[in-house]
Amino acid sequence: MNVQTKTLTQSRARFIPAVFAVILGMTVISITGHVQAAALHDAAHDVRHATGFPCH
Amino acid sequence: MIARYITSALFAGALTGLVAGLLQLWFVQPVLLHAELYESGALTHFGAAPVSAHPELPGFDPVRDGLSLIFTMLTYTGYALMMVAVMSIAEERGAQIDGRSGLVWGIAGFVAFHLAPGFSLAPEVPGVAAADVTARQIWWFATAGAAVAALWLIGFGRNWTAYGVAVILLAAPHVIGAPEPDVLTGPVPTEIGALFAARAFGVGLAAWVVLGCLAGYFWQSEGAAERHAA
């Protein structure tokens, strides 16, 4: 019982930072790879092509 | 707890980005610059005179190539954040996470974020005709997301239903089809386009393998550091 409670708490302790990390990661690759703002697009142009993101 | 995610992802992502950026500059950038000569009209494929396959290419450009390096590091740091997040959940469910097992994670990441979308939306050499960028981006995210779910089901599913769903998730985006252009207008010779796609995939695989190994390694080393501090 005790072990189970501990595992559950640990599980929740990991779930929230994991979700946060996924959202943060998605935000970063959206900015570097997908946002079409001209300045960002020009700066990241070669990377977007080379990394296989849809460019232009 | 969150510090462990951020720190290990930053180390793994920045290092991988550096490796990937240098590989791209060395192997992909010359092909891209070559294609741009056709995109800009400086060279014409099937023009009046045959064109040399080895034109003079612009050399190293500190601003352009420096920005590429920075954006590659950022991109792989974003991927690293997602990878350590999923690794942490897998570890909790009993998976062994370290530099060695990270190899498989890296290959899986390459399949999900590079090979699966690229199977129908091939890495684009400059100048290619393509459908509306928003439609392609939506398809790209949907395909990568479906592939992540599919690979999780293959890796951690325990029955044939899970494997069956995984196969459907992997195949569906390509059966439905990626957004395609109405007409083909690419001015770049096919040899350059093919080499570009091959190089993009090759550098992508190398980078993802490095990312998987480093993410696994730093996830453990940062965990050890955290336990030591506590």
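Because the structure is a prediction, the values reported are computed rather than measured. The sequence lines fix the lettering, A, B, ..., with proteins before strands; numbering per chain opens at 1.
Listed here is the closest heavy atom pair of B/Ala35 and B/Ile192: CB-CG2, 3.9 Å.
In this structure, the portions of B/Gln137 lying under 4.5 Å from any heavy atom of chain A include both its backbone and its side chain. Only the backbone of B/Val125 has a heavy atom closer than 4.5 Å to any heavy atom of chain A. At a 4.5 Å heavy-atom cutoff, the contact between B/Arg4 and chain A is made by side-chain atoms alone. Of the atoms belonging to B/Tyr5, it is side-chain heavy atoms, and not backbone ones, that fall under 4.5 Å from chain A. For chain A, the nearby part of B/Ile6 is the side chain; its heavy atoms alone come within less than 4.5 Å. Heavy atoms of B/Phe196 lying under 4.5 Å from chain A belong exclusively to its side chain. For B/Val203, no part lies under 4.5 angstrom from a heavy atom of chain A. Contacts of B/Leu74 with chain A are made by both backbone and side-chain atoms, with heavy-atom separations under 4.5 Å. Heavy-atom distances place no part of B/Phe201 under 4.5 Å from chain A, backbone and side chain included.
No side-chain N or O of B/Gln24 forms a donor-acceptor pair with one of A/Asp46 less than 3.5 Å apart.
Ion pair B/Arg136/B/Glu180 not flagged as a salt bridge, since none of the NZ, NE, NH1 or NH2 atoms sits closer than 4.0 Å to an Asp/Glu carboxylate oxygen.
Contact tally against chain B (heavy-atom pairs below 4.5 Å) for A/Ser30, A/Ala21, A/Gly52: the top residue is A/Ala21. Contact count versus chain B (heavy atoms, under 4.5 Å) is highest, among A/Cys55, A/Gly25, A/Ala44, A/Pro54, for A/Pro54. When each of B/Leu33, B/Leu67, B/Thr75 is scored by its heavy-atom pairs under 4.5 Å with chain A, the top score falls to B/Thr75.
Here the OG-CG distance, from B/Ser221 to B/Asp98, works out to 11.5 Å after rounding to the nearest 0.5 Å. With rounding to the nearest 0.5 Å, the separation of OG1 in A/Thr27 from NE2 in A/His34 is 12.0 Å. Separating the CG atom in B/Leu211 from the OH atom in B/Tyr76 is a distance of 8.0 Å, to the nearest 0.5 Å. Taken from CG in B/Leu25 to CZ in B/Arg64, the straight-line distance is 10.0 Å, to the nearest 0.5 Å.
Paired with A/His56 under the rule side-chain hydrogen bond (donor to acceptor under 3.5 Å, both in side chains), one option of A/Arg48, A/Gln36, A/His49 passes, and it is A/His49.
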